[in-house]
Number of protein chains: 2
Amino acid sequence: MRHMTTLLYIDAVARAGSIRKAAETLSITSTALNRRLLAIEEDLGVPIFERLARGVRLNSAGELLIHHIRNQISDMDRVRSQIADLAGERRGHITIACSQALLPYLPQQIAAYRREHPGVTFAVFRRDREAAEQALVDHTADLALVFEPIRLAEFQTLLTVRQHVHAMLSRDHPLAARPVVRLRECLDYPIALPTRAYGVRHLMEAALVDSAMSLNPVVESDSFEFLGHQAIAEGIISFQIPIGLPPGGILPNMVSRQIDARDVPSGLIYMGQLRGRTLPVAAARFADLLQKDLETKYECQ
Amino acid sequence: MRHMTTLLYIDAVARAGSIRKAAETLSITSTALNRRLLAIEEDLGVPIFERLARGVRLNSAGELLIHHIRNQISDMDRVRSQIADLAGERRGHITIACSQALLPYLPQQIAAYRREHPGVTFAVFRRDREAAEQALVDHTADLALVFEPIRLAEFQTLLTVRQHVHAMLSRDHPLAARPVVRLRECLDYPIALPTRAYGVRHLMEAALVDSAMSLNPVVESDSFEFLGHQAIAEGIISFQIPIGLPPGGILPNMVSRQIDARDVPSGLIYMGQLRGRTLPVAAARFADLLQKDLETKYECQ
DNA sequence: CGATCTGCTGCAAAAAATGCAGCGGGTAAG
DNA sequence: CTTACCCGCTGCATTTTTTGCAGCAGATCG
């Protein structure tokens with residue numbers, strides 16, 4: 001789209017924080033880029049960037065403008081795929097910002113969608129809750145999937161899924177014989193925990209806040225994959241939510257057992273988008289698909 | 001705004017229905033305009049206009065695109081005035097599509113607003129209900145003020161004002177002695193009526209649908225101003241709603257008397273905008289002003 | 001205090017947009 | 001059916017705009 005190049009350029013400069021850096025990623029000279037900025041600022045009658053020694057930064061007028069520009073860019077993308085839809089073929093690109101715990105769930109959903117619409121491509125980024133919401137705001141993601149997010153004004157919830165915390169343990173573990181385990185039973189054994197950045201840890205700490213018990217993990221990690229392996233290797237207990245377990249079990253000797261709901265409150269997975277934005281056709285359809293799938297498998301609201 | 005010229009061109013062609021005509025209004029050659037269209041269509045990969053013998057017409061892809069384009073144009077206008085707002089001065093242009101009956105009401109409101117913000121300019125067009133709603137859709141109006149409109153999916157109501165039909169008559173008329181008159185009393189005298197296109201006529205016909213009485217106007221017109229003059233000149237009765245009466249009375253010897261509410265149902269004035277659109281700052285503030293003023297003067301909902 | 005960034009400018013080359021004249025095709029009136 | 005007219009479109013020359021190169025002044029950092 002010829003007429004949008006200036007907009008794309010401004011966006012690139014805003015992201016790069018420097019004209020020269022942006023010019024490099026755009027494969028043009030800094031001269032050309034600089035001149036386009038000056039032209040726009042003259043059109044507007046006011047500067048949109050502050051000039052700093054280390055580069056440039058949007059001023060308040062620029063913030064207003066960049067919002068508009070990013071909307072225009074994604075709107076135009078949406079219109080283009082709507083038009084492509086008219087011609088019969090669905091094309092597009094869907095970007096998803098997703099909490100680590102939910103990453104194992106997505107691949108087969110994406111595969112199912114792509115079987116119907118091979119022209120649609122995906123990008124999935126692992127983002128903590130805050131970064132996921134920020135990604136929606138700056139249009140680097142169409143959809144966000146997060147566990148127990150900090151609610152932001154810009155986040156528009158499309159679906160919530162209730163999830164109970166499960167213990168992940170080796171098939172040989174004494175507690176593996178029970179369908180549901182109590183939290184205090186788990187704490188009699190050595191445990192591995194995700195760091196405090198994760199919702200699972202958050203829920204477990206909240207559960208013990210009024211209790212005499214405390215969490216004393218022997219291993220702590222920011223990787224659920226590592227925690228799973230560790231649990232098997234050492235015969236200890238780790239924790240996860242069901243949606244984080246890939247279908248067919250994570251590891252050969254691992255089983256998962258729900259923690260009694262009285263002990264640890266359940267958490268909510270949120271699927272959402274940027275408030276007020278009209279999603280591209282493809283992203284909206286994919287969100288529908290996720291919603292249908294999640295509703296059959298879990299307790300949704 | 002340099003980068004929008006192509007969009008403006010496309011919009012002009014869509015409105016003109018012909019490349020050559022549009023080129024003339026844009027003060028460029030048809031060649032240049034034609035080439036821009038071809039360039040856009042190549043970018044999109046599909047044509048957006050059907051070529052007819054008498055000119056061009058949007059096809060379905062074009063309809064999709066023109067919607068987006070008009071949104072972009074007015075969005076950019078909004079952003080520009082937001083940026084101007086940052087610099088302290090409010091600028092902008094407000095376009096209003098308004099039923100004839102409401103035209104006398106607007107001037108002093110506009111004057112009041114312009115006293116605060118001299119940088120804001122206005123355009124007011126007299127439009128029947130249907131045309132007013134259409135004006136919102138194709139972005140030729142920011143706000144619409146209509147009496148008893150046909151509700152459209154695209155019309156988002158901002159405010160409604162209840163209005164009772166009044167008889168307009170000469171100060172010497174026998175009925176002028178009463179504060180409230182009955183409809184049947186009026187029909188004992190010769191009357192002047194607006195045509196069936198107007199809400200006032202509509203309400204009066206609805207009132208008589210189950211009655212033995214009927215409306216037999218001696219004069220019919222599509223101009224309330226004419227009807228008022230006629231009522232005075234000939235000593236007959238015409239009809240209008242209060243908001244259609246300029247403050248201080250229309251004509252020297254004219255008085256208005258409410259028709260008893262049991263006889264003629266009251267109607268509603270609707271102020272509205274295009275659904276889902278974010279109005280420019282200036283238009284939104286002016287709508288606030290109208291709302292505040294109407295709420296002090298009339299019964300609103 | 002030099003090294004290294006930054007945004008910005010003069011000038012020439014490259015690219016894009018524009019205008020002119022004219023072609024072919026369709027509609028509407030004679 | 002013919003004629004006149006209006007339409008969108010194209011080749012070519014001209015004008016306008018954009019781009020790249022080289023270099024400048026200013027600020028930061030080691």
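Residue numbering restarts at 1 for every chain, and letters A, B, ... go by the order of the sequence lines.
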When the distance from [atom1] of [X] to [atom2] of [N] is rounded to whole Å, what number comes out?
| X | N | atom1 | atom2 | result |
| --- | --- | --- | --- | --- |
| His3(B) | dT17(D) | NE2 | P | 17 Å |
| Tyr9(B) | dA17(C) | OH | C1' | 10 Å |
| Glu50(A) | dT6(C) | CD | P | 17 Å |
| Glu42(A) | dT17(D) | CD | C1' | 14 Å |
| Ile19(A) | dG7(C) | CD1 | P | 5 Å |
| Leu52(A) | dC8(C) | CG | C1' | 15 Å |
| Leu33(A) | dT6(C) | CG | P | 12 Å |
| Arg20(A) | dC21(D) | CZ | C1' | 12 Å |

Subject >> Considering all heavy atoms, the nearest Glu133(B)-Phe155(B) contact >> reply: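 Here Glu133(B) and Phe155(B) meet closest at CG-CD1, 3.8 Å.
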Original post:
Do Phe147(A) and Tyr198(A) make the cut of ring centroids closer than 6.0 angstrom?
Top reply: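 That pair fails the under 6.0 Å test.
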**OP:** Can you spot which of Glu116(B), His117(B), Gln82(B) makes a side-chain hydrogen bond (donor to acceptor under 3.5 Å, both in side chains) with Arg90(B)?
**Re:**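 Result for side-chain hydrogen bond (donor to acceptor under 3.5 Å, both in side chains) with Arg90(B): His117(B).
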May I ask you to say what [X] touches in the nucleic acid, namely base, sugar-phosphate or nothing, with a heavy-atom cut-off under 4.0 Å?
| X | result |
| --- | --- |
| Arg36(B) | sugar-phosphate |
| Leu38(B) | sugar-phosphate |
| Arg54(A) | sugar-phosphate |

Report yes if at least one side-chain N or O of [X] is closer than 4.0 Å to OP1 or OP2 of [N]; otherwise report no.
| X | N | value |
| --- | --- | --- |
| Arg51(A) | dG26(D) | no |
| Arg35(A) | dC8(C) | no |
| Asn34(A) | dC8(C) | yes |
| Ser18(A) | dG7(C) | yes |
| Lys21(B) | dC7(D) | yes |

**OP:** Return yes if the base of dC9(D) and the side-chain atoms of Thr31(B) contain a donor-acceptor N/O pair under 3.5 Å, otherwise no.
**Re:**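 Not at all, since no donor on one side and acceptor on the other fall under 3.5 Å apart.
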Subject >> Ser30(B) vs Thr29(A), nearer the 5' end of DNA chain D by closest nucleotide >> reply: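 By nearest-heavy-atom nucleotide position, the 5'-most residue is Ser30(B).
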Original post:
Which of these nucleotides, dG7(C), dT18(D), dG19(C), is closest to any side-chain atom of Ile28(B)?
Top reply: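 Within the option list, the nearest is dG19(C).
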Original post:
Of all the choices, dT18(C), dC9(D), dG7(C), which nucleotide is nearest to the side chain of Ala32(B) once you look at every atom?
Top reply: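 Taking heavy atoms from C-beta onward, the closest nucleotide is dT18(C).
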Original post:
Start at the 5' end of DNA chain C and walk down; is the nucleotide closest to Ser27(B) or to Leu37(A) reached first?
Top reply: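 It is Leu37(A), whose closest nucleotide lies nearer the 5' terminus.
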Subject >> Presence of salt bridge, Glu41(B) and Arg51(B), under 4.0 angstrom >> reply: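 The answer is yes: the pair qualifies as a salt bridge.
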Subject >> Sole residue of Ile269(B), Val124(B), Val146(B), Ile96(B) in side-chain contact (heavy atoms from CB on, under 4.5 Å) with Leu102(B) >> reply: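 Result: among Ile269(B), Val124(B), Val146(B), Ile96(B), Ile269(B) is the only option passing the side-chain contact (heavy atoms from CB on, under 4.5 Å) with Leu102(B).
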Original post:
Around Glu42(B), counting heavy atoms of other residues, nucleotides and ligands shown, do more than 12 lie under 6.0 Å from its CD?
Top reply: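 No, not enclosed.
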